[in-house]
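Residue numbers begin at 1 in each chain, while the letters A, B, ... track the order of the sequences. Every value quoted in this text rests on a predicted model; they were computed, and no experiment measured them. The figures here come from the full heavy-atom set of this structure, side chains too, leaving out hydrogens, waters and symmetry mates.
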There are 2 protein chains.
Amino acid sequence: MATRQGLDAETVLQAAIELADKQGIEQLSLAALATKLTIKTPSLYNHIKGLPDLRKQLSKRGLLLVKETMIEAVIGKAEDEALLAAGVAYVDFARKQPGLYEAISALPDYEDPELKEVGAGVVSFLLRILAPYGLSEEDALHVVRGFRSMVHGFASLEHRNGFRMGLDRDESLRRLLQTYLRGLRADTGREK
Amino acid sequence: MATRQGLDAETVLQAAIELADKQGIEQLSLAALATKLTIKTPSLYNHIKGLPDLRKQLSKRGLLLVKETMIEAVIGKAEDEALLAAGVAYVDFARKQPGLYEAISALPDYEDPELKEVGAGVVSFLLRILAPYGLSEEDALHVVRGFRSMVHGFASLEHRNGFRMGLDRDESLRRLLQTYLRGLRADTGREK
DNA sequence: TATAATAACTAATATCATTAGTTTTGTAAA
DNA sequence: TTTACAAAACTAATGATATTAGTTATTATA
């Protein structure tokens, strides 16, 4: 018998992420994952609780990484420039880690406490970017919802080949965000 | 043996839609569908080609219905009012037929010719609403992408309980669309 | 060196989707 | 009215999957 390799939960998760990114979250099976790790399927249960648990881990990791990516993208930026950079970083993340991104959005729902917490982290990051706009708390929360809708919707449609015309997609995203931001300036009477 | 009931493809599809709307597209199995129709699983193959085919049918029907819903919603309206109504109708459809809506967005991709056609129908509907804005074809296509991103993103996040704050969701959607439309007016120098 | 924890294994079960082949039933022609 | 055919249902079988239970082997530690 081969010497055991001493897998741990993180290695298993990384392998799952690779599989998901390569083949899509739907195709991520414990059977395929075990094969990739050169172990038998039941051995996975030493490291994960089961397939639903694994998918939850992917979602959580995805949310954490997309937030980090946005944080990194807004360094040295503020206001519209920061929001635009965050939006582009979000969509870019979905492009580079499609499986991980799918894991976020393929989640049945966000009721899980751990996921709630990570999701709340993303929201509070966005609220901080919005701070200089001087919006009321309620207004800011509506804007956060709008921002998330735009970038998630864009990433999701793009991922499913929903944009079929031969039209530059980066340009579409930039325009979407800029048009929205311009409207926001107009709404709040802070037009430049 | 019970008398056979003479199912047809449409009845099977309707039952599948009900199951999907009730339990989510992930939970839609041929086993559950057969049970609901009081037949055995293999008998389903007299009416459908298989599970992937059934899901494709759901997607197609969903796209057709969401388009019809929007068309109905914009009767007697034009410009911003029409776009707003279409967006609200889109999100409303996703709320009322969550499984069917999931079928649209859970699709691996839109490569299938039938789906391409239906999808193109949605796009040309939106282009017609945009006609009075006098945009170039390219500009209009960017706006269509933006609109689809906003409404799909909103519907998708809402469906997964992505909006957790106790904030009126209809209001969030209205603001998102209105802010975007206001930005569009400003962009095109047709501000009212 | 012995022991305890744990990572891997095999075996077994239950649930699916799917295919092949068979039986039954409804309808339409003889 | 009877017969014949097409179609809708069935049973049986296969292969993939996740999961659990119980076993073996390996690593680390006492």
Side-chain angles (χ1 to χ4, degrees), chain A residues 1-61 99-100 102-103 106-109 112, chain B residues 1-61 99-100 102-103 106-109 112:
Chain A
M1 183 161 309
T3 63
R4 77 170 162 188
Q5 29 182 335
L7 289 180
D8 59 8
E10 180 61 26
T11 309
V12 171
L13 178 57
Q14 284 303 329
I17 291 173
E18 279 179 41
L19 271 184
D21 281 339
K22 209 169 289 177
Q23 318 178 348
I25 192 80
E26 300 280 340
Q27 304 307 315
L28 172 61
S29 66
L30 294 190
L33 182 55
T35 300
K36 182 181 171 74
L37 293 165
T38 59
I39 58 175
K40 305 295 179 178
T41 309
S43 307
L44 285 171
Y45 286 78
N46 287 312
H47 308 290
I48 61 174
K49 294 200 192 88
L51 185 57
D53 168 66
L54 180 63
R55 293 174 70 137
K56 197 193 83 178
Q57 285 186 55
L58 286 175
S59 304
K60 187 181 172 186
R61 181 61 56 93
L100 209 44
E102 269 187 301
L107 209 63
D109 75 339
D112 184 274
Chain B
M1 188 158 306
T3 64
R4 78 170 161 188
Q5 26 181 338
L7 290 179
D8 60 7
E10 181 60 27
T11 310
V12 171
L13 179 56
Q14 285 303 328
I17 291 174
E18 279 179 41
L19 271 183
D21 281 339
K22 209 170 288 177
Q23 317 178 348
I25 192 80
E26 299 280 340
Q27 304 306 317
L28 172 61
S29 65
L30 294 191
L33 181 55
T35 299
K36 181 180 173 72
L37 293 166
T38 59
I39 58 176
K40 305 295 180 178
T41 308
S43 307
L44 285 171
Y45 285 79
N46 288 312
H47 309 290
I48 60 173
K49 294 200 194 86
L51 185 56
D53 168 65
L54 180 63
R55 292 174 71 135
K56 197 193 83 178
Q57 285 186 55
L58 286 174
S59 304
K60 188 182 171 187
R61 182 61 56 94
L100 210 42
E102 269 186 302
L107 209 62
D109 74 340
D112 184 272

From the set C:dA8, C:dT18, C:dA11, return the single nucleotide nearest to any side-chain atom of A:Leu7.
C:dA8

Taking any heavy-atom pair under 4.0 Å as a contact, classify B:Ser29: base, sugar-phosphate, or nothing.
sugar-phosphate

What is the distance from atom CG of A:Leu58 to atom CG of A:Leu19, rounded to the nearest 0.5 Å?
10.0 Å

Closest to the side chain of B:Pro42, out of D:dT19, D:dT17, D:dA12, is D:dA12

In this structure, how many angstroms lie between the P atom of C:dT18 and the CZ atom of B:Arg55, rounded?
11 Å

Can you tell me how far apart CD1 (A:Ile17) and CG (A:Leu33) are? Round to the nearest 0.5 Å.
11.0 Å

Side-chain donor/acceptor contact of B:Asn46 with base of D:dA7 under 3.5 Å:
no

Rounded distance in Å - CD1 (B:Ile39) to C1' (D:dA8):
9 Å

Would you kindly say whether A:Asn46 and A:Ser43 are connected by a side-chain donor-acceptor distance under 3.5 Å?
no

Take the protein atom CG of B:Leu54 and the nucleotide atom C1' of C:dA17, then report the distance between them rounded to whole Å.
12 Å

Can you tell if the side chain of B:Glu18 reaches within under 4.5 Å of the side chain of B:Lys36, non-hydrogen atoms only?
yes

Candidates D:dA18, C:dT18, C:dA8 - which lies nearest the side chain of B:Tyr45:
C:dT18

Do any side-chain nitrogens or oxygens of B:His47 fall under 4.0 Å of OP1 or OP2 in D:dA7?
no

Round to the nearest Å and state the distance from B:Leu33 atom CG to C:dT18 atom C1'.
15 Å

Closest to the A:Ser43 side chain: C:dT18, C:dA8, D:dT19?
C:dA8

Separation of D:dA16 atom P from B:Leu51 atom CG, nearest Å, is 17 Å

May I ask you to check whether B:Glu10 and B:Gln14 show a side-chain donor-acceptor distance below 3.5 Å?
yes

Whole-Å distance, B:Leu44 CG to C:dT19 P, equals 13 Å

Can you check the B:Glu26 CD to D:dA18 P distance for me, whole Å?
14 Å

Please pick, from D:dT17, D:dT11, C:dC9, the nucleotide with the shortest atom-to-atom distance to any side-chain atom of A:Lys40.
C:dC9

Would you mind reading off the distance between A:Asp8 atom CG and C:dT6 atom C1', rounded to a whole angstrom?
13 Å

